[in-house]
Amino acid sequence: NYITLMGDLGATLKRGANDEMLRVTGDRCSILNLRFDGNKANFATANSVVIISSDYNLIDNCEIFNGTGHGLHLDGTSLSCDFNRIHNCILHENDLDGLDINTADDCFITSNYIYSNSINGITCSTSLRNRIVGNKVDSNCVTASGVANISFDNGSSTIVSDNHIVSAGNGRPGLRTQDNSGNSSVCIISNNRFVSNGGWGIHIFNGSFAGVPTANSIIGNNFSGNTS
């Protein structure tokens, strides 16, 4: 617990083994000012570049790119992964999601630039009360396996506000509730800009889950040039 890993002057760490580059399991750690190069040209196994499986951590001013799996994975499937903050990071050109939030509650995703990832920019699944605010999420869904620039699945009580959500590829929407594992209800989607996405700006969808998403509030968003 309480460990700080901090770089200086564009310090870059490059993947040199067939595993994730960094896994954080202690609470209240800080990862600052580092570049993580997933080096996918030399590795085939789909490993996330950075995995967080603990609480109250800060990832600030980092660049995570070129990975064979997710760029950054908040993974609470086996250990608690709540109250983390991802701020002012650049997540790009990873083979799965830029940021995957799985079973991680009450996290803050703020002021990041997430672009050109093969699947989704941000996926939020089986996670509650997360805040996705003030990010630019651009040109994700590089492959047809993507769902949206931002995708929810069983991601209720999430706030998505003041983001620039642009140019999802392969006919995909800017934001979609995928909902194969559960409802994404009581979400607030407000004051975002949805521009030139390949599908709808927002697609509220209940997937294969039997229930229907309810009580979502869509307020004050701007839509321009979306295909559907």
Side-chain angles (χ1 to χ4, degrees), residues 1-40 43 45-114 117 119-135 150-159 181:
N1 297 341
Y2 295 96
I3 292 172
T4 296
L5 180 62
M6 182 168 61
D8 193 16
L9 299 176
T12 300
L13 305 175
K14 190 169 185 177
R15 182 184 181 188
N18 203 18
D19 208 338
E20 67 268 9
M21 292 185 66
L22 175 67
R23 180 184 291 265
V24 178
T25 56
D27 297 337
R28 301 183 187 276
C29 298
S30 297
I31 313 301
L32 311 172
N33 308 330
L34 284 165
R35 302 177 75 242
F36 294 87
D37 181 353
N39 192 19
K40 63 184 175 183
F43 296 96
T45 304
N47 294 115
S48 299
V49 180
V50 176
I51 300 175
I52 308 297
S53 293
S54 51
D55 301 332
Y56 295 102
N57 300 292
L58 171 65
I59 313 297
D60 190 12
N61 197 36
C62 290
E63 183 178 2
I64 304 173
F65 63 102
N66 203 24
T68 56
H70 304 305
L72 176 58
H73 187 189
L74 302 185
D75 181 11
T77 55
S78 58
L79 297 170
S80 176
C81 187
D82 302 332
F83 298 102
N84 293 293
R85 184 176 180 188
I86 313 304
H87 176 70
N88 196 34
C89 292
I90 304 174
L91 313 176
H92 62 98
E93 296 173 291
N94 298 290
D95 282 350
L96 294 179
D97 299 332
L99 171 61
D100 186 74
I101 305 168
N102 187 357
T103 321
D105 300 338
D106 300 295
C107 297
F108 289 81
I109 313 303
T110 57
S111 303
N112 302 287
Y113 183 25
I114 302 174
N117 296 286
I119 308 296
N120 306 321
I122 300 172
T123 295
C124 185
S125 55
T126 319
S127 302
L128 303 175
R129 298 178 304 276
N130 289 297
R131 307 293 184 262
I132 300 171
V133 179
N135 305 281
I150 300 176
S151 172
F152 297 164
D153 196 339
N154 195 11
S156 290
S157 302
T158 298
I159 293 176
S181 63

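All values below were derived from every heavy atom in this structure, side-chain atoms included, with hydrogens, water molecules and symmetry-related copies excluded. Computed from a predicted structure; not experimentally measured.
- Of the possible polar contacts, one joining the Asn57 side chain to the Cys29 backbone as a donor-acceptor pair under 3.5 Å is found.
- With values rounded to the nearest 0.5 angstrom, Ile109 atom CD1 is found 7.5 Å from Leu72 atom CG.
- Inter-residue side-chain proximity for Phe65 and Arg35 is flagged as met; some heavy-atom pair is nearer than 4.5 Å.
- Arg131 places a side-chain N or O within donor-acceptor distance of the main-chain N or O of Arg129, the cut-off being under 3.5 Å.
- By the 4.5 Å heavy-atom criterion applied to side chains, Asp75 and Asp100 are not counted as neighbours.
- Not a single side-chain hydrogen bond (donor to acceptor under 3.5 Å, both in side chains) links Asn154 to another residue, sequence neighbours left out.
- Side-chain atoms of Asn112 and Asn135 form a donor-acceptor pair, as typed in the model, at a separation below 3.5 Å.
- In this structure the side chain of Thr77 reaches within 4.5 angstrom of the side chain of Asn102, judged on heavy atoms.
- Asp82 places a side-chain N or O within donor-acceptor distance of the main-chain N or O of Asp105, the cut-off being under 3.5 Å.
- Here the side chain of Asn39 pairs no donor or acceptor atom with the backbone of Lys14 at under 3.5 angstrom.
- Under a 3.5 Å cut-off, the side chain of Ser127 and the backbone N or O of Thr103 do form a donor-acceptor pair.
- At a cut-off of 3.5 Å, with distance as the only test, no side-chain donor of Asn1 or Asp27 sits close to an acceptor on the other residue.
- By the 4.5 Å heavy-atom criterion applied to side chains, Lys40 and Asn66 are counted as neighbours.
- Here the CD1-CG distance, from Ile52 to Asn84, works out to 6.5 Å after rounding to the nearest 0.5 Å.
- Here Asp19 contributes atom CG and Phe43 contributes atom CZ; the two are 10.0 Å apart, rounded to the nearest 0.5 Å.
- Partners of Thr158 by side-chain hydrogen bond (donor to acceptor under 3.5 Å, both in side chains), not counting sequence neighbours: none found.
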Tell me, with the steps shown, if Thr25 and Ile51 meet side-chain contact (heavy atoms from CB on, under 4.5 Å). CA-CA 9 Å; Thr25 56; Ile51 300 175; over 6 Å; no
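- No hydrogens or angles considered: nothing links the side chains of Thr12 and Asp37 as a donor-acceptor pair under 3.5 Å.
- In terms of heavy-atom proximity, Val24 sits nearest to Ser54 at O-OG, 3.4 Å.
- Between atom NE2 of residue His73 and atom CG of residue Leu99 there is a gap of 9.0 Å, rounded to the nearest 0.5 Å.
- The closest donor-acceptor contact from the side chain of Asp153 to the backbone of Ser181 lies under 3.5 Å.
- One finds the CD1 atom of Ile122 at 4.5 Å from the CD1 atom of Ile132 (value rounded to the nearest 0.5 Å).
- Cys89 and Ile59 get closest at one heavy-atom pair: SG-O, 3.6 Å.
- A heavy-atom distance below 4.5 Å is found between the side chains of Leu74 and Ile86.
- Under the 3.5 Å distance criterion, the side-chain polar atoms of Asp60 are left unmatched by any main-chain donor or acceptor of Ser30.
- In this structure, Arg28 satisfies the cation-pi test against Tyr56, with its NZ or CZ atom closer than 6.0 Å to the six-membered ring centre and inside 45 degrees of the ring normal.
- Distance alone, capped at 3.5 Å, is enough to place a donor-acceptor pair between the Thr68 side chain and the Asn47 backbone.
- To the nearest 0.5 Å, atoms CD1 (Ile101) and CZ (Phe152) are separated by 8.5 Å.
- Across every non-hydrogen atom of Phe36 and Cys62, the tightest pair is CE1-SG, 4.3 Å.
- A heavy-atom distance below 4.5 Å is found between the side chains of Leu22 and Leu5.
- What you find for Cys107 and Phe83 is that their closest heavy atoms are SG-N, 3.9 Å.
- Contact of the Asn117 side chain with the Asp97 side chain is not registered, since no non-hydrogen atoms from C-beta on lie closer than 4.5 Å.
- The shortest side-chain heavy-atom distance between Asn94 and His70 does not fall under the 4.5 Å cut-off.
- For the pair Gly38 and Arg15, the tightest heavy-atom approach, listed with the atom from each and the gap, is O-CD, 3.1 Å.
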